[in-house]
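Notes for the one structure printed next.
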Amino acid sequence: MKKNCRIGLLFFLILLSPAGARLGQAGMVTFVFDDGLSSIFQYAFPVLSRYGLPATVGIIANRVESGDPDFMDTKQIHALQKAGWEVASHSLTHKRPVDIPRFYSEEKCLTLRPVSGQRALFEGKYHYEELAGLIEDGRLLRERSSGRQVRHEPGSYYFDGLIGELIVHPFEPESVAKREIRAISYERELEESKKVLSGMGFHVTTYITPHNYWTPEMSTLSRRFYDQVADGGDDCNRRGQTDRFWLKRFTIHSSDTAEAIIGLVKQHAIQEDGWVIFCMHGIGSELGWEPWSVEKLAALCAFLKRKAVPVVTVDKGVRLWVEAKKQPGI
């Protein structure tokens, strides 16, 4: 009897302590790696695997089979998905919705001319901001990383954004005269990126906005194709105030220390019981925008594991945060 009383008193004191007050109340953390860079598989994946943590990777659909070694290939992305990572769409071509036509009805026909000495090739001049992907009579053209690749592959194109030079190898040369080759809209970016990734065997429910840029109009449109959308904003997601089609993320910069990022977790996830989503790009190399070091990522993962802060994918986070009756916690 005395033993049971001591156990009961000890449990009561734990509940009253500052640490005990936080039991079951810590929020969540999500890692999102934008762009699908090869350094994610090479460096970030081993670190997170060591700590048993999942992540979401935002894939630019037309980069997967482009032949560009800076980006992960299908086999590598499948390995992430098999390990419990979420594969999300990061658009088809990584454009902002204000730079290209918004809807299918606004897609414009391209003006192209034959390439001298290359009967199957056509060329044109366009600004980077004007041109995303291309579609020919309902079929997407595949973007390639060099003009040499395009020369031997019908249904492909190469666009040098620095000089605004476009080279197209249509499925059918007659499509140019019939004006059947169009620059795609953002509506098509949303829909086709999911179709392309799904066709590769990936389960896609989340859209990650390119450049952390989003508009109310596109947020509404995205509901036709996705279950949730993650944007920027440098803020956390709070209970009862979360828009699943406009999830906020903190962007991690190269100069950010691990201690500074851990501080965001302490403040927003642990103390405020919020959902903190981090936006990252390259890890452990110079690839990508604002790359972060392996050592900093490992320090952050070790802290999350030590403090038992739940780490979830975006898709699972929405199901826990927005849909589930029970609130997430330790």
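All heavy atoms count here, side chains included; hydrogens, waters and symmetry mates do not. In this text, all values refer to a predicted model and were calculated from it rather than measured experimentally.
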Less than 4.5 Å apart, any side-chain heavy atom of Ser91 and any of Tyr207?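 Counting from C-beta outward, Ser91 and Tyr207 do come under 4.5 Å.
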
Check this for me: does any side-chain nitrogen of one of [X] and [Y] sit under 4.0 Å from a carboxylate oxygen of the other?
X	Y	value
Arg113	Glu123	yes
Glu153	Arg142	yes
Arg244	Asp227	no
Glu187	Arg224	yes
Arg102	Glu106	yes

Is the ring centre of [X] less than 6.0 Å from the ring centre of [Y]?
X	Y	result
His211	Trp289	no
Trp85	Phe31	no
Phe245	Trp214	no

Would the distance check show the side chain of [X] and the main-chain N or O of [Y] forming a donor-acceptor pair, the cut-off being under 3.5 Å?
X	Y	answer
Lys248	Asn237	no
Arg144	Tyr158	no
Ser38	Asp70	yes
Glu192	Glu189	no
Glu86	Asp315	yes

Nearest heavy-atom approach of Val150 to Ser156 is CA-OG, 3.5 Å

Please report the shortest heavy-atom distance between Cys236 and Val276, naming the atom on each side.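 Result for this residue pair: CB-CG2, 4.1 Å.
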
Find out whether the Lys NZ or Arg CZ of Lys194 is both under 6.0 angstrom from the six-membered ring centre of Phe202 and within 45° of the ring's axis. no

Report yes or no: is the cationic atom of Arg139 (NZ for Lys, CZ for Arg) closer than 6.0 Å to the six-membered ring centre of Phe171, at no more than 45° off its axis?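 So Arg139 does make the cation-pi contact.
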
Check step by step if salt bridge (charged side-chain N to carboxylate O under 4.0 Å, His left out) holds for Arg249 and Asp34. CA-CA 12 Å; Arg249 297 192 295 169; Asp34 288 8; 2.9 Å; yes

Determine, step by step, whether Thr242 and Trp321 satisfy the side-chain hydrogen bond (donor to acceptor under 3.5 Å, both in side chains) criterion, reporting the C-alpha distance in whole Å, the side-chain angles of both residues, the deciding distance to 0.1 Å, and the verdict. CA-CA 8 Å; Thr242 299; Trp321 202 254; 3.0 Å; yes

Within the supplied structure, the quantity of interest is the number of heavy atoms (other residues, nucleotides, ligands) at a distance under 6.0 Å from Arg223 CZ; does it exceed 12? yes

